[in-house]
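Written below as structure tokens is the structure these notes are about.
First the proteins, then the strands, lettered A, B, ... as listed; each starts at 1. For clarity, every value in this text was computed on a predicted model and none was experimentally measured.
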Amino acid sequence: MLLLIAWRNIWRNKMRSLLVIISVALGLWAGTFIMAYAFGIIDQRLEDAIENEVSHLQMHHPEFKKDKDPRYYIPQGESLLQRTLNDERTQAASARVLASGMVASAISSTGGQFLGISPEAEQSVTGLQDKIIEGSYLDEEERNRIVIGQKLANKLKVKIRSKIVLTFQDTSGHLVAGAFRIAGIYKTPNTTYDETHLFVKSQDLRALLGLQDEFHEVAIMLKDPDKLEEFQGALQQQYQDIQIESWKELAPELRYMIESLDQYIIIFLVIILLALSFGIVNTMLMAVLERVREIGMLMAIGMNKTKLFGMVSLETIFLVMIATPVGLVLAYTTNQLLGQYGLDLSGLYQEGYAALGFNPIIYPHLDNIYYVRIMIMVAVAALLASVYPAITAIRLNPVTAIRKI
Amino acid sequence: MNQQKEVIITKNLTKVYAHHVVPVKAVSEVNLSIKKGEFTALVGPSGSGKTTLLNLIGGLDYPSEGKVYINGTDISAIKKNRLIDFRLNNIGFVFQAFNLIPVLTAKENIEFVMLLQKKSRRERDQRVIELLKEVGLEDRMNSRPSELSGGQQQRVAVARALASKPKFVLADEPTANLDSKSTENLLDMMARLNKYEHMTFIFSTHDQRVIDRARRVVRLVDGQIESDITTEQSTQWV
């Protein structure tokens, strides 16, 4: 009977109950969607960073990363690359020769990171060829060709077949310069990366650096990213004089972002639930204070405090029980649809997103466990929100309440 | 003449409302005893203490001084929470208005107190039908209070008050919102219940029609009993 009374009570003022249900449902929908959006954007950034920039693992000479001195190359690089490629856990690997220096066109100049690559191997790791938006990829036959990012091309005011000059220090510490003709212009979601990374064939860069067949870096993509730590450990064991780092060390900002996202999400959700709870408390308090005489009568005829508390709490719980599935189904549907088709914000914030390395097309997604967590948090919030109105009801003095009759 | 046991006894019952600027003595040293089967009206001008006395007898309020005995139990010594259960099992209430739970039907309203008493479904169903017949509302059992007239609502309230099989029924101005015909019907019904179920009724009222039907009239003035007139043997069934 308590369930029946509580259920019917919430429909006494349909408009008010519907408003509460709608506000809770919309709050949950918005909160859940924003969570999925945040996960979508972070996961996408991570995916882009791994695919385009840092790969799963990188190998360097232990001294190389300090000041990127080209003298610190990986000895016996070729055999190391072959052994890595032969490991069944490796999906692809690309050996790179690296140099940092100035890049100059006829009009402008800027700093840059020069990557000497094997075009085929690099394609298997970063898919660089697929990101070419103008011109062509590096050709095995042609010498001194270069692929640069769109942002840099705009900055240097160069186009396909323009000549640019790279100046950097060789392994002996002398400044060397080489002229390269632009073969292609690429574009990734990260404009900062595009502005600073230039790709040439490894033999062209080696010739300028004074290297034979050595590498500075081996970038590795794994078949199963879940085995990252295991493979990293195994490689480190095998090559103790080489520094092997995963994307977590190479891009610590991404790791921190992912690690802190869970906490941010919970704080965010708590804020939403707090706001919703205050709305619920307000409504239920109104509902209780409107029924003072009725509650007085119920106490007079023998409804004890426990049952009265239960009745008012049930009313709150019912409201939330209706709103929660509505909000979560809405959110789930939205997240599934946008997760499939993407939320294209390129018209609004493309430049801002790209400058931060984020793709302007967001694919929100949320693991099912989060829907369960949200349901539990909402249930707790509903229970807490029901306490104050219920206490107000049981604190009523039947005589005072009935006097109003 | 029937010698009946006293259901209610008050001894030097006093209630002072101390939260006013000047403490107000709403009920002052009232000594009253009511026997089973009485049909008693508490009358008096506004502020004379009728409702306060009913509240004290009904265990809705605690006396400042004195005692209230219901069937020999001193209810002024019972703690608040236990007093609710005591009321549930011993006292029936009929109020002036807002008497019923608006979201329940007539049948459910009557059944409600029995559910609080944890009576079995069979017992509940049987008693509800019996009471609805008694108050002449079998055909309206599935109507909600808003679909019933004021008189019908009060009849349901009386049925609900009786559902728990109380020792007595307290009715605070039960006819105040009713027209003459509804008042007559309600009084007829209560008189019938008094006669056939030997139910004890105590009313507070201003209504001369109720006073005319009462067999004992206790008049209160300034919280004290001014007169206590028994029109005929008060426990003799009408």
Applying a strict 4.5 Å limit to non-hydrogen atoms, the region of B:Arg82 in contact with chain A is neither

dist B:Leu88:CG -> A:Asn304:CG (nearest 0.5 Å) comes out at 8.5 Å

Applying salt bridge (Lys or Arg N to Asp or Glu O under 4.0 Å) to A:Arg12 and not counting sequence neighbours gives A:Glu294

* Asked: Heavy-atom count around B:Asp222 CG within 6.0 Å, excluding the residue itself: above 12?
  -> no

Output for pair (A:Met303 CE, B:Ile101 CD1), nearest 0.5 Å, gives 7.0 Å

Among residues 105-118 of chain B, residues within the sub-4.5 Å heavy-atom range of chain A, in order of number, are B:Thr105, B:Glu108, B:Glu111, B:Phe112, B:Val113, B:Leu115, B:Leu116, B:Lys118

Filtered by a 4.5 Å non-hydrogen cutoff, the part of residues 253-280 of chain A contacting chain B is none

For B:Glu65, look at atom CD and say whether over 12 heavy atoms of other residues, nucleotides or ligands are found less than 6.0 Å away.
no

Pair count under 4.5 Å, heavy atoms only, with chain B: among A:Asn397, A:Leu2, A:Ile5, highest is A:Ile5

Residues A:Ala300 and B:Phe95: closest non-hydrogen pair is CB-CZ, 3.6 Å

(message) Around atom OH of B:Tyr62, are there more than 12 heavy atoms from other residues, nucleotides or ligands closer than 6.0 Å?
(response) yes

Output for pair (B:Gln96 CD, A:Arg293 CZ), nearest 0.5 Å, gives 10.5 Å

When rounded to the nearest 0.5 Å, the distance separating CG of B:Leu83 from CE of A:Met299 is 11.0 Å

Under a 4.5 Å heavy-atom criterion, the part of residues 21-29 of chain A in contact with chain B comprises none

Handout entry: Crowding at CZ, B:Phe86 (>12 non-hydrogen neighbours, <6.0 Å)
Key = yes

- Query: Under 6.0 Å from the NZ atom of A:Lys305, do we count more than 12 heavy atoms belonging to anything else shown?
  - Reply: yes

Here the pair of heavy atoms bringing B:Leu60 nearest to A:Pro398 is CD2-CB, 4.3 Å

B:Glu130, CD atom: more than 12 neighbouring heavy atoms under 6.0 Å
yes

